[in-house]
Amino acid sequence: MTTTTAPVGGPTVPQERRVVTEIPGPLSKEMWERKRAAVADGVGAVLPVFVSRAGGGIVEDVDGNALIDLGSGIAVTSVGNSAEAVVRRAGEQLGRFTHTCAMVTPYEGYVEVCEELARLTPGEHAKKSALFNSGAEAVENAVKIARYHTRRQAVVVFEHGYHGRTNLTMALTAKNMPYKHGFGPFAPEIHRVPVAYPYRWPTGPEHCAEEAAALAIERIVKEVGAENTAAILIEPLLGEGGFIEPAPGFLPRLAEFAREHGIVFIADEIQSGFCRTGSWFACDHEGVVPDLITTAKGIAGGLPLAAVTGRAEIMDSVHAGGLGGTYGGNPVACAAALGAIETMRGMDLNARARRIEEVMKPRLRGMAERFEVIGEVRGRGAMLAVELVRPGGTEPNPEATAAVVRHCHANGVLVLSCGTYGNVLRFLPPLVIGEDLLSEALDVLEEAFAGL
Ligand SMILES: *Cc1c(COP(=O)(O)O)cnc(C)c1O
């Protein structure tokens, strides 16, 4: 390229799909060879194109291809890449100071983010927060706090749950490959119980909530002991495990059981939070008020930030100095978070997420009628998915899933898969994506199914 200035991303990126080379193109392939030589093979890539800039609903690569983004870097850039308010606020902060360590000398941005978290998270009770760098770190700290507060050790998690890749969070995560395989031994006192997965519930979706809750509670009572249980930890809309919406009634029943037994109910909203499902948090849909909530991903427009927010009396039970970390609540990441939240409010991104559902769900349902390989369409807001099965049954179909992903990638649409069985296509567009791009991406997706 002969331009004298670096390409500018964010709002200035033209909002159009463009495929000018095969994908990945020659320059990306060259860089991939460099990556192979310098980067550990364990760090994979869903689509090995190297990005030059991104903004709105488009990710541009070094070969000049422009892909429609249905992934948001795994539900992170909900406000779009390099969103104006994120760049402005983080840029100003970069010029003032980059780091002091909040545990050494504090600064206002950290407090402001915690004030916003208290306002935005479910429940009207007094709340406090602590800030960290990654989702896994937030989950680890939520468990630390719950154990300290209850003086109990056991943590209950759910089938298909995902909570991160550190030692404790690997133990909390259900799926072996690729997250846990070969990385044991894992942390003890983790107990996994069934989740209300309507599509795969043996007696049918209508019985799912009640039966799954009864089964989970029985397992806690009989095998763990409610009085030994520090926390029940669940994603209110399960992410990596397959965008599973627990059958309505399941979450409120578990929250009630936790309350009756002095168990800390922790909602992991790292993927589902911050407008992703059409409300600030997925818990809001059923009016569930968790004791603690973990957030990350969408919180800061792409900068690394995470939080644990919860009842003041639980958060404050830990001794001074018991929580922290060198970078947790970094001032630039806090400024970015305030920019992201400003964008979410200013553009009403909850409404945008609901509109994305209105545009996408009917199209996906239409495809489900046309193509037998689609077993179910599900999700909320801009956290939508289709589960792929072998025609005539419910046996998972990861091969067809991979084939659809390949077609989309080759034609300039960035999609991700997920699920315990690798058979779920998930859609996580930036909430600022234009409707024309969204429709175009759905056209490509439909072609992919037609070509199976
Ligand atoms: C991504 C994710 C995590 C882990 O977050 P990292 O920032 O990758 O450590 C934890 N829980 C859920 C629900 C997630 O989606």
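Predicted model only: the values in this text are computed from it and were never measured. Order of appearance sets the numbers: ligands from 1, and atoms from 1 within every ligand. FYI, the numbering just counts along the sequence from 1. Atom set for the values below is all heavy atoms of this structure, side chains included, hydrogens, waters and symmetry mates excluded.
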Check: [X] ring centroid to [Y] ring centroid under 6.0 Å:
{"X": "F97", "Y": "Y107", "result": "yes"}
{"X": "F274", "Y": "F281", "result": "yes"}
{"X": "H319", "Y": "Y148", "result": "yes"}

Pull out every atom of ligand 1 sitting under 4.0 Å from any heavy atom of [X], numbered as shown with elements.
{"X": "Y162", "answer": "1 (C), 2 (C), 3 (C), 11 (N), 12 (C), 13 (C), 14 (C)"}
{"X": "D268", "answer": "10 (C), 11 (N), 12 (C), 13 (C)"}
{"X": "A136", "answer": "4 (C), 5 (O), 6 (P), 9 (O)"}
{"X": "S134", "answer": "7 (O), 9 (O)"}
{"X": "E235", "answer": "13 (C)"}

Is the shortest N/O to N/O distance between Q271 and ligand 1 below 3.5 Å?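 Yes.
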Test salt bridge (Lys or Arg N to Asp or Glu O under 4.0 Å) applied to E116 - qualifying residues, sequence neighbours left out: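 Counting only residues at least two positions away or on another chain, E116 forms a salt bridge (Lys or Arg N to Asp or Glu O under 4.0 Å) with R119, R345.
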Heavy atoms of the protein only: does one fall short of 4.0 Å from atom 11 (N) of ligand 1? yes
Hey, are H261 and T229 close enough side-chain-wise for a donor-acceptor pair under 3.5 Å? no
How far is atom 14 (C) of ligand 1 from its nearest protein heavy atom, and which residue and atom name does that atom have?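 Closest protein heavy atom to atom 14 (C) of ligand 1: K297 NZ, 3.0 Å.
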Nearest to atom 5 (O) of ligand 1, what protein heavy atom do you find, and at what distance?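 Of every protein heavy atom, G135 CA, 3.2 Å lies nearest to atom 5 (O) of ligand 1.
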Could you go step by step and tell me if E358 and R363 meet the salt bridge (Lys or Arg N to Asp or Glu O under 4.0 Å) rule? CA-CA 9 Å; E358 270 172 28; R363 288 281 313 266; over 6 Å; no
Between E210 and R253, is the closest basic N to carboxylate O distance under 4.0 Å?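 Not counted as a salt bridge, because no side-chain N and carboxylate O are separated by less than 4.0 Å.
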